[in-house]
Amino acid sequence: MKKYAKWLALLLTAFILIGGCGNAEEDSGKKQQAESEEQSEDTPDVSKENNEREDESEGEDAASKEEEPEQEEPENPGPVLNPDTVSYAREEVAASASVNVRTAPSTDSEIYQTVPRRSEFVRTADDGQWSAVEIDGKEYYIASEFLKLKSEMTDNGYLVVIDAGHQGRGNSEQEPIGPGASEMKAKVASGTTGCVSGLKEYELTLMVSLKLQAELEARGYEVMMVRTSHDVNISNSERAAIANNAGADAFIRVHANGSEDGGENGILTICPTSGNPYMGNLYSQCRSLSECVLDGAVNATGANKKYIWETDTMSGINWCTVPVTIVEMGFMTNPTEDANMADDGYQQRLAVGIADGVDAYFGN
């Protein structure tokens, strides 16, 4: 009995000890938790602050990136005026011919518009090759050779293009007789020769054409020459294109005649027919110009007046978009007329007479 009482006492003691330890550990845990909570209230959470700072920093970086514009690669500016030769000055200029206005100083650039002769502009810069001009507040470009100061435009407002017929060597290559034509013709013939003077037609036509140029310029006309030398290769359609592109008010083509009949003589002019399929809309102007030039040349020289030949066989007429006439000054196959046309004084009278015809055509 005593033995069982002893064991019972031991078990009771152990139970008390175990229960006390458990409560002590629980109390200790609760105390540590309370201390931890008190510490969390009094002590800042460093990791949280660091996270918040990182978020703020990332926000600032993002804002900074938004404020800074993206760096784009510079575009190729394209053709510009030559900085080594350009000069800047505002001056009033006018086009000396029909000319293309371009978006950049290069013949490869886009054509903004094509303007007629005597169109006026304000030029702001010129590098000797290209000029910058203002149009509707924007800058465009025109080849400098086609611009003159308004103060230098002293002519009477009319442009006459003179074509001294033929050239040192003919060109038998073929070209259409007119725009879109299937019929072909030699690009330019070699011309005839004086039966007594030995002058070539291309020599005579240039002699008279240069005198005509001087006479017209003295009367206030602006004059453009298709050729001023014999060593050229310009087809009849190309000669017409020169007058067309210049915006000629009148295109005078100077020639001399020839015939198997040595007695044939006199002056005639040539124009298209009213039914010309290429430029018949210009018939009345061409006919009037031909009449005026014929009368003027005959009156000045006393030569035989022949007639106006209306024909659509001349490619140098068919390709024209401006009023045109061909003047046949006389027959180089007639000894008397050939000798007359070789004379410097007679050539001057021819030039004066043709100029008189131009005056009459424009009502001057």
Practice task
Give me the one residue out of R253, K187, K185 that meets side-chain hydrogen bond (donor to acceptor under 3.5 Å, both in side chains) with N236.
Solution key: R253
Handout entry: L289 reachable from V327 in the ILVMFWY side-chain graph, under 4.5 Å edges
Key = yes
Practice task
Could you walk me through whether L216 and Q213 pass the side-chain contact (heavy atoms from CB on, under 4.5 Å) test, one step at a time?
Solution key: CA-CA 5 Å; L216 287 173; Q213 177 188 16; over 6 Å; no
Practice task
Using atom types as modelled and distance alone, determine if a side-chain donor or acceptor of N245 lies under 3.5 Å from a backbone N or O of A241.
Solution key: yes
Fill in the blank from the handout: When every non-hydrogen atom of F331 is compared with those of E337, the smallest separation belongs to N-OE1, 2.8 Å
Handout entry: Donor-acceptor pair between N233 and Q167 side chains, under 3.5 angstrom
Key = yes
Practice task
Any chance you could measure L159, atom CG, to F251, atom CZ, to the nearest 0.5 Å?
Solution key: 11.0 Å
Exercise for the section: Please answer: with hydrophobic residues joined when any side-chain heavy atoms are less than 4.5 Å apart, are M207 and Y346 in the same cluster? Expected result: yes
Handout entry: Geometric class of the Y158/F362 ring pair [parallel <30°, tilted 30-60°, perpendicular >60°]
Key = parallel
Completion exercise
In D312, T321, I317, the residue satisfying side-chain contact (heavy atoms from CB on, under 4.5 Å) with M279 is I317
Exercise for the section: Answer yes or no: does atom CG of D231 have more than 12 heavy-atom neighbours from other residues, nucleotides or ligands under 6.0 Å? Expected result: no
Problem - Any donor-acceptor N/O pair, T333 side chain to G258 backbone, under 3.5 Å - result: no
Problem - Ring-ring centroid check H166 H230, cutoff 6.0 Å - result: no
Practice task
Check each of T301, I354, N340 against R349 using the side-chain contact (heavy atoms from CB on, under 4.5 Å) test, and report the only one that passes.
Solution key: T301
Problem - Working for side chain to side chain donor-acceptor pair (under 3.5 Å), residues Q347 and K211 - result: CA-CA 8 Å; Q347 291 175 7; K211 290 179 173 65; 3.0 Å; yes
Exercise for the section: Would you kindly say whether D126 and S87 are connected by a side-chain donor-acceptor distance under 3.5 Å? Expected result: no
Problem - Minimum heavy-atom distance between I267 and L294, given as atom pair plus value - result: O-CD1, 3.4 Å
Handout entry: Heavy-atom closest pair, residues G157 and R117
Key = O-NH2, 2.7 Å
Problem - Nearest heavy atoms of L81 and A125, plus distance in Å - result: CD1-CB, 3.6 Å
Exercise for the section: Give me the one residue out of I326, T269, L268 that meets side-chain contact (heavy atoms from CB on, under 4.5 Å) with S290. Expected result: T269
Handout entry: Check against side chain to side chain donor-acceptor pair (under 3.5 Å), D127 and T85
Key = CA-CA 5 Å; D127 69 0; T85 59; 4.7 Å; no
Exercise for the section: Mind listing the closest non-hydrogen atom pair of L212 and A351 along with its distance? Expected result: CD1-O, 3.5 Å
Practice task
Determine, step by step, whether E175 and S237 satisfy the side chain to side chain donor-acceptor pair (under 3.5 Å) criterion, reporting the C-alpha distance in whole Å, the side-chain angles of both residues, the deciding distance to 0.1 Å, and the verdict.
Solution key: CA-CA 8 Å; E175 66 179 1; S237 67; 2.7 Å; yes
